[in-house]
Amino acid sequence: MSDLEECSECKLKFDLDEYDNCPDCEDDLIECEVCEHKFNYKLKSCPNCDENTVPKGTECGFCEKPAVRYMQDNPVCEGHFQV
């Protein structure tokens with residue numbers, strides 16, 4: 001017996017072996033034009049992009065260069081991201 005996943009949107013429990021996404025919310029999904037992540041159209045913006053996008057003006061946590069990404073929840077510049 002496989003584990004059931006609970007949908008964060010509608011709280012329906014469904015089998016991940018049988019469905020990729022919640023069968024009740026599947027029709028409500030749209031694809032982000034930036035990262036191609038699928039999310040519910042009722043959300044104002046892509047949760048994947050929101051979580052991974054550093055606000056403009058944020059400095060790297062290790063130097064004073066502009067941060068471009070997060071690494072373990074810390075904003076980092078391109079140089080520190082590749083280290």
Side-chain angles (χ1 to χ4, degrees):
M1 181 174 174
S2 63
D3 294 328
L4 296 179
E5 180 76 17
E6 183 175 298
C7 176
S8 60
E9 298 294 323
C10 70
K11 307 301 182 202
L12 174 76
K13 292 190 179 192
F14 62 97
D15 187 347
L16 277 176
D17 291 337
E18 192 171 337
Y19 300 101
D20 290 334
N21 295 300
C22 174
D24 281 359
C25 296
E26 182 72 32
D27 294 336
D28 296 337
L29 295 179
I30 58 174
E31 188 173 290
C32 176
E33 295 176 5
V34 176
C35 71
E36 299 179 353
H37 176 77
K38 291 185 179 182
F39 63 99
N40 192 293
Y41 79 94
K42 295 175 188 172
L43 299 175
K44 293 181 182 178
S45 60
C46 173
N48 187 53
C49 287
D50 292 346
E51 183 178 321
N52 295 311
T53 303
V54 178
K56 287 186 179 183
T58 303
E59 289 185 355
C60 175
F62 303 102
C63 66
E64 295 180 2
K65 293 180 182 176
V68 294
R69 300 187 178 184
Y70 285 108
M71 184 169 64
Q72 297 178 347
D73 295 332
N74 296 310
V76 294
C77 65
E78 194 65 46
H80 282 107
F81 181 73
Q82 295 181 11
V83 173

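Throughout, numbering of the chain's residues begins at 1 and tracks the sequence. Please read all numbers here as calculations on a predicted model, not as lab measurements.
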Exercise. Treating Ile, Leu, Val, Met, Phe, Trp and Tyr as nodes and any side-chain heavy-atom pair under 4.5 angstrom as an edge, say whether V54 and F81 lie in one connected cluster.
Key: no
Practice problem: Identify the heavy atoms of V68 and C77 that sit nearest to each other, and give their distance. | Solution: CG2-C, 3.8 Å
Practice problem: Please name the pair of heavy atoms, one in H80 and one in M71, separated by the smallest distance, quoted to 0.1 Å. | Solution: O-CE, 3.7 Å
Exercise. Report the C-alpha separation of L4 and D15 in whole Å, then their side-chain angles, then the decisive distance to 0.1 Å, and conclude whether the side-chain contact (heavy atoms from CB on, under 4.5 Å) test is met.
Key: CA-CA 5 Å; L4 296 179; D15 187 347; 4.1 Å; yes
Self-check item: V34: partners by side chain to side chain contact (heavy atoms under 4.5 Å, CB included), with sequence neighbours left out
Solution: C32, C49
Quiz item: If you measure from CG on D50 to NE2 on H37, what distance do you get to the nearest 0.5 Å?
Solution: 10.0 Å
Practice problem: Among residues two or more places apart or on two chains, list those pairs meeting side chain to side chain donor-acceptor pair (under 3.5 Å) that have a residue in residues 54-74. | Solution: none
Quiz item: Does I30 share a hydrophobic cluster with L43, counting links as ILVMFWY side-chain heavy atoms below 4.5 Å and allowing steps through other members?
Solution: yes
